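Small disclaimer: the values here were computed from a predicted structure and weren't measured. Here is the naming used below: chain letters follow the sequence lines, and residue numbers restart at 1 for every chain.
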2 protein chains.
Amino acid sequence: MTTVDPAPRRRMRADARRNYERLLAEAATIFAEHGVEASLEEIARRAGVANGTLYSHFPTRQALLEALLRDRMQALSDKARDLLDHPSADEALLIWARAAMAHTTVYRGLVTSLMRSIEDETSHLHAACQAVLTAGEQLLNRAQAAGGMRADVTASDLYALINSVSWVGEQTSPAQGERLLAFGIDGMRSATDSR
Amino acid sequence: MTTVDPAPRRRMRADARRNYERLLAEAATIFAEHGVEASLEEIARRAGVANGTLYSHFPTRQALLEALLRDRMQALSDKARDLLDHPSADEALLIWARAAMAHTTVYRGLVTSLMRSIEDETSHLHAACQAVLTAGEQLLNRAQAAGGMRADVTASDLYALINSVSWVGEQTSPAQGERLLAFGIDGMRSATDSR
DNA sequence: TTGCTAAGTTGAGGCTGTCTCAATATATTT
DNA sequence: AAATATATTGAGACAGCCTCAACTTAGCAA
């Protein structure tokens with residue numbers, strides 16, 4: 001409901017807009033290189049502005065992350081919607097789970113923020129995470145209706161699974177993350193399922 | 001093989017021993033309160049010594065953690081050995097996995113250190129983690145021989161699973177962690193198994 | 001064009017934390 | 001009671017977070 005405006009209330013001054021964009025661009029680069037705990041001072045430095053400017057645009061690290069991820073998270077929710085048309089409900093869920101995993105691991109350390117944000121309603125990322133969870137829930141429900149997934153699996157279980165395997169992928173190797181995802185999903189399948 | 005001496009090479013001076021113990025005790029308290037990223041200065045302060053003393057006893061945070069966990073990790077390895085006598089191989093594995101999870105969540109943030117340490121051979125905790133992994137492997141192998149677990153599951157898979165569900169437990173709730181553990185183990189079971 | 005003002009930027013400064021090392025102190029040995 | 005090996009100390013160098021009073025500038029209106 002009360003999502004933050006992507007384009008702020010009143011139009012920004014030209015220089016402000018420029019700095020805002022520049023900060024986002026540098027943040028993307030630096031987070032990709034050093035993870036989401038990278039120095040904010042460094043980002044400001046590389047963007048050619050004083051740290052105060054960074055803080056005025058993005059009061060917290062979360063706010064910066066939120067701005068950086070907005071589009072990507074929207075895309076992930078959209079993708080879930082699209083996959084509702086996929087012929088196999090089970091396969092659709094697996095495809096989406098992998099996509100979610102890929103999204104969650106773009107920046108090192110991101111998964112922890114995303115996991116925290118679903119719990120913490122005051123988080124800048126909360127709404128976006130909630131949307132992703134709900135999107136996943138649609139796919140899950142369809143798979144359950146089709147009989148492929150156990151009825152007692154919740155959207156929270158799915159969200160937690162995706163995040164936990166993303167965390168593993170980040171800590172060890174993407175392949176290890178993928179393996180755990182496969183085991184986890186298998187464990188959530190209905191007993192009648194073979195394999 | 002080349003484990004670090006629990007009681008250092010030559011006997012410590014009395015005052016050194018006293019400070020060492022004091023630091024460990026305070027670290028246990030403070031890590032329990034604030035997680036493993038708690039301030040080392042604070043630990044030194046509460047132990048009534050200068051920070052240099054802390055650093056001289058424990059050159060890194062990992063070293064401190066290692067000293068703090070040594071006994072507990074040994075106990076976990078021992079427990080695996082004991083459980084090899086349990087009548088049900090499957091049940092033994094599950095019991096141990098839960099114990100491992102409990103161990104892994106004594107301090108907030110610990111799970112990340114433990115996961116890093118299995119990968120990083122230079123880590124102070126590496127040997128202890130390796131021992132735990134090997135201990136788990138025994139239980140896993142027995143369960144596989146008994147036909148309860150898929151043959152393609154590795155000790156690394158098991159280690160990763162335990163850590164990932166511990167991480168979830170830490171981020172959300174222990175109950176959520178438990179749920180994921182159940183799903184994960186189920187996914188690792190042989191197809192012939194019911195449920 | 002010029003001046004006005006709201007909007008935006010600056011960067012020093014306070015804070016916490018990590019880690020080091022020369023000077024100092026003390027336990028133990030002889 | 002030295003002598004010596006062993007420990008402890010704490011200031012200091014550095015980095016990062018965040019704030020805010022002083023300053024600068026874009027954009028508008030006269």
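Taking atom CD on A:Q62 and atom P on D:dC17, their separation rounds to 14 Å, with Å as the unit. In this entry the distance linking CZ of B:R45 with C1' of D:dG10 reads 13 Å, nearest Å. A straight line from CG of B:N51 to C1' of D:dC14 spans 14 Å, rounded to a whole angstrom. Atom-to-atom, CD of A:E21 to P of C:dG8 comes out at 14 Å; the value is rounded to the nearest Å. Rounded to a whole Å, the CG atom of B:L23 is 9 Å from the P atom of D:dT8. In this structure, the CD1 atom of B:I43 is 15 Å from the C1' atom of C:dT16, given to the nearest Å. Between B:M12 atom CE and D:dT8 atom C1' there is a gap of 12 Å when expressed in whole angstrom units. Atom-to-atom, OH of B:Y20 to P of D:dT8 comes out at 13 Å; the value is rounded to the nearest Å.
Defined by atom type and a distance below 3.5 Å, a donor-acceptor pair is missing between the side-chain atoms of A:N141 and A:E137. Under 3.5 Å, the side chains of A:Q171 and B:N163 contain no donor-acceptor pair of N or O atoms. A donor-acceptor contact closer than 3.5 angstrom links the side chains of A:D157 and A:T154.
Among the protein residues, B:R61 comes within range of the sugar-phosphate backbone only, with heavy atoms under 4.0 Å from sugar or phosphate atoms but none that close to a base.
Ring geometry for B:Y107 versus B:F31: interplanar angle over 60°, hence perpendicular rather than tilted (30 to 60°).
For C:dT18, the OP1/OP2 oxygens have a side-chain nitrogen or oxygen of B:S39 closer than 4.0 Å. Residue B:R11 has no polar side-chain atom (N or O) positioned under 4.0 Å from OP1 or OP2 of C:dT28. Remark: B:T53 is not in phosphate contact with D:dA7, judged by side-chain N or O atoms under 4.0 Å from OP1 or OP2. At the phosphate of D:dT8, OP1 or OP2 sits under 4.0 Å from a side-chain N or O atom of B:N19. For the pair A:H57 and C:dT9, the criterion of a side-chain N or O lying under 4.0 Å from OP1 or OP2 is met. Between A:S56 and C:dG8 there is no side-chain N or O to OP1 or OP2 distance below 4.0 Å.
Remark: A:A89 pairs with A:R142, A:A143, A:A146 by the side chain to side chain contact (heavy atoms under 4.5 Å, CB included) rule, at least two apart or across chains.
In this structure, B:R46 pairs ionically with B:E33, as a charged nitrogen and a carboxylate oxygen lie closer than 4.0 Å. With respect to the salt-bridge test (charged N to carboxylate O, under 4.0 angstrom), the residues B:D186 and A:R189 do not qualify.
Aromatic pair A:F183/B:F183: centroids not less than 6.0 angstrom apart.
Interface residues of residues 108-117 of chain B facing DNA chain D, ordered by number: none; criterion, heavy-atom separation under 4.0 Å.
Where B:A14 and A:A16 meet DNA chain C, the nucleotide closest to each residue was compared, and A:A16 sits on the side nearer the 5' end. Comparing B:D15 and B:G52 along DNA chain C, the residue whose closest nucleotide (by nearest heavy atom) sits nearer the 5' end is B:G52.
In this structure, the nucleotide among D:dC18, C:dG11, C:dT18 sitting nearest to the side chain of A:E41 is D:dC18.
For C:dA7, the base has a donor-acceptor partner in the side chain of A:R13 [N/O atoms by modelled type, under 3.5 angstrom].
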